[in-house]
Amino acid sequence: MSISVLRTCDAWWVSTPAGAARIDTAAITTGGLLADRQAIRAATASTEVVPVESLALVSPVTAPCRVVAQMTNFASHVRDSVGDPATVPLTFFRKASGSISGPHDDIVRPPHVRLLDYEVEIGLVFGREMPVGSEITETNLADYIAGLVVTNDISARDVQLPKTQFYEAKSYPTFTPVGPALVLLEADELKRFTDLRLRLWVNGGLRQDMTVADMIYRPLHTLRVLTGFQRMDAGDLLLTGTPVGTAISAPPKPVEIIGSLLPPATKWKLFFKSQAKNPKYLHDADVIEATVSTDDGAIDLGRQRTTVRYR
């Protein structure tokens with residue numbers, strides 16, 4: 001049975017039907033907490049609870065940690081970018097863990113950024129070390145993946161595209177809201193990964209709505225490739241991609257062909273001029289809500305609610 005772990009600035013909690021029960025642990029990091037499963041289980045039986053709503057929640061994934069992310073991993077997102085899902089390779093990039101923020105913290109746009117975008121994603125949280133060369137199988141996958149979190153891969157598109165610089169464009173402080181809960185799953189529950197539905201709203205308007213069935217590279221395949229070159233440890237985070245519905249839009253094919261013939265500076269100037277007319281990019285005071293759950297509610301990672309603030 002899944003366990004929803006919450007975190008405040010001074011404590012860890014388990015969410016129960018009666019409220020939030022404090023976990024009696026000395027752990028200060030997510031990795032440390034995941035090593036103290038006995039304390040987590042004990043908290044699930046506690047009768048001393050407080051209302052979850054009374055807690056000032058912070059990210060259940062602590063920094064510093066490794067944050068690795070997959071690129072263009074939903075078929076719908078690839079098609080929206082005028083690509084062919086059958087030809088998309090499994091590709092990774094890194095984000096700075098300093099970009100991690102809480103599930104209700106403001107998203108702060110740096111002054112030089114003009115095209116701020118959102119990407120609801122499922123985050124996989126590692127429960128044990130995965131040295132390079134580890135053998136990942138269907139049988140032991142749940143040994144490595146302790147649980148799941150809602151994440152939002154905030155992106156500065158006008159930094160990302162002309163520089164082809166994912167790390168900078170996605171690593172500003174507050175650009176990775178995480179939580180509210182770290183939902184720890186049993187092996188049988190993890191098998192329902194493809195049933196999870198990702199949704200994101202901006203100011204109440206639904207922008208993204210897709211199940212994991214649309215995902216190109218799922219966790220088993222992804223970890224088998226990742227372990228070929230990247231070590232992961234308990235408490236590290238892997239973002240698994242976003243479906244169609246982000247603000248950025250690809251130009252029509254004829255326009256793209258013409259753009260490829262222009263000098264880069266001219267091409268990007270024209271592209272960003274056209275994108276500036278797109279109202280879907282995030283504005284000051286926009287409210288973003290994101291959820292991940294199965295349609296029957298058996299697995300529910302909770303609702304993230306953040307507000308965009310311009311500096």
Side-chain angles (χ1 to χ4, degrees), residues 1-7 12-17 20-21 23 25 27 29-45 52 57 59-62 65-70 73 103 120-130 134 136-151 178-199 210-215 217-224 226-227 232-241 290-304:
M1 182 177 177
S2 65
I3 300 175
S4 293
V5 172
L6 310 173
R7 178 174 164 249
W12 296 93
W13 307 78
V14 165
S15 179
T16 74
I23 302 173
T25 180
T29 67
T30 303
L33 178 72
L34 293 174
D36 197 359
R37 294 301 184 100
Q38 185 175 349
I40 297 174
R41 286 191 291 269
T44 64
V52 172
L57 298 180
S59 167
V61 175
T62 56
C65 65
R66 294 182 183 89
V67 182
V68 179
Q70 293 176 252
N73 194 33
V120 61
E121 305 199 15
I122 300 171
L124 311 182
V125 179
F126 283 75
R128 56 169 289 186
E129 65 178 25
M130 186 185 76
S134 298
I136 312 297
T137 67
E138 289 186 9
T139 303
N140 69 12
L141 179 64
D143 294 337
Y144 291 96
I145 303 304
L148 310 177
V149 289
V150 179
T151 64
V178 177
L182 164 55
V183 178
L184 307 179
L185 300 178
E186 300 291 342
D188 286 345
E189 292 173 312
L190 190 58
K191 292 177 181 178
R192 293 203 62 190
F193 186 76
T194 54
D195 296 334
L196 291 168
R197 182 178 296 276
L198 299 84
R199 292 190 179 96
M210 189 67 68
T211 69
V212 172
D214 188 52
M215 187 178 282
Y217 297 105
R218 297 171 189 173
L220 178 60
H221 184 107
T222 298
L223 264 60
R224 283 175 169 171
L226 186 63
T227 189
M232 301 292 277
D233 287 299
D236 286 346
L237 179 64
L238 173 65
L239 277 58
T240 55
T291 65
V292 176
S293 65
T294 55
D295 287 345
D296 62 4
I299 301 174
D300 188 348
L301 308 189
R303 180 177 290 260
Q304 184 180 108

| said: For the residue pair T294 / D195, report whether a side-chain donor-acceptor contact shorter than 3.5 Å exists. | reply: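 Not at all, the side chains of D195 and T294 share no donor-acceptor pair under 3.5 Å.
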| task | Indicate whether any N or O donor in one side chain lies under 3.5 Å from an N or O acceptor in the other, for T291 and Q304. | result |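 On atom types as modelled, these side chains do not qualify, holding no pair under 3.5 Å.
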Look at the side chain of [X] and the backbone N and O of [Y], then say whether any donor-acceptor pair between them is shorter than 3.5 Å.
{"X": "S59", "Y": "T62", "value": "no"}
{"X": "T227", "Y": "R224", "value": "no"}
{"X": "T222", "Y": "R218", "value": "yes"}
{"X": "N73", "Y": "T240", "value": "yes"}
{"X": "T194", "Y": "A213", "value": "no"}
{"X": "S2", "Y": "I299", "value": "no"}

Ignoring hydrogens, what is the shortest heavy-atom contact between [X] and [Y]? Give both atom names and the distance.
{"X": "E186", "Y": "M1", "value": "CG-N, 3.1 Å"}
{"X": "E138", "Y": "L220", "value": "CG-CD2, 3.4 Å"}
{"X": "G32", "Y": "A27", "value": "C-CB, 3.5 Å"}
{"X": "P103", "Y": "L57", "value": "CD-O, 3.9 Å"}
{"X": "A142", "Y": "L190", "value": "CA-CD2, 3.9 Å"}

Rounded at 0.5 Å granularity, tell me how far [atom1] in [X] sits from [atom2] in [Y].
{"X": "M210", "Y": "R199", "atom1": "CE", "atom2": "CZ", "result": "11.5 Å"}
{"X": "M215", "Y": "H221", "atom1": "CE", "atom2": "NE2", "result": "12.5 Å"}
{"X": "E189", "Y": "I3", "atom1": "CD", "atom2": "CD1", "result": "9.0 Å"}
{"X": "T137", "Y": "N140", "atom1": "OG1", "atom2": "CG", "result": "3.5 Å"}
{"X": "S15", "Y": "D300", "atom1": "OG", "atom2": "CG", "result": "10.0 Å"}
{"X": "R197", "Y": "I122", "atom1": "CZ", "atom2": "CD1", "result": "11.5 Å"}

| task | Please assess L198 against V212 for the test side-chain contact (heavy atoms from CB on, under 4.5 Å), listing each intermediate value before the final yes or no. | result | CA-CA 8 Å; L198 299 84; V212 172; 4.0 Å; yes
| message | Between L237 and R66, does the side-chain contact (heavy atoms from CB on, under 4.5 Å) criterion hold? Intermediate values first, please. | response | CA-CA 6 Å; L237 179 64; R66 294 182 183 89; over 6 Å; no
| Name the one of V178, L6, L33, V183 that satisfies side chain to side chain contact (heavy atoms under 4.5 Å, CB included) with P60? |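 Only match with P60 under side chain to side chain contact (heavy atoms under 4.5 Å, CB included): V178.
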Would you say that [X] contacts [Y] through its side chain, given a criterion of any heavy-atom pair below 4.5 Å between the two side chains?
{"X": "F193", "Y": "L124", "value": "yes"}
{"X": "F126", "Y": "D233", "value": "no"}
{"X": "D296", "Y": "R192", "value": "yes"}
{"X": "T211", "Y": "L196", "value": "no"}
{"X": "W12", "Y": "T30", "value": "yes"}
{"X": "L148", "Y": "V292", "value": "no"}
{"X": "I40", "Y": "D36", "value": "no"}
{"X": "L184", "Y": "V5", "value": "yes"}

| field | Test log, rule side-chain contact (heavy atoms from CB on, under 4.5 Å), inputs L226 and M130 | value | CA-CA 10 Å; L226 186 63; M130 186 185 76; 4.2 Å; yes
| field | Test: R128 cationic atom under 6.0 Å from Y144 six-membered ring centre, within 45° of axis | value |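 The answer is yes, since R128 meets both limits relative to Y144.
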| message | The test is side-chain contact (heavy atoms from CB on, under 4.5 Å); show your working for V125 and D236 and say whether it passes. | response | CA-CA 6 Å; V125 179; D236 286 346; over 6 Å; no
| request: Please identify each residue that fulfils side-chain hydrogen bond (donor to acceptor under 3.5 Å, both in side chains) with T151, with sequence neighbours left out. | output: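 Per chain and number, T151 pairs via side-chain hydrogen bond (donor to acceptor under 3.5 Å, both in side chains) with no residue.
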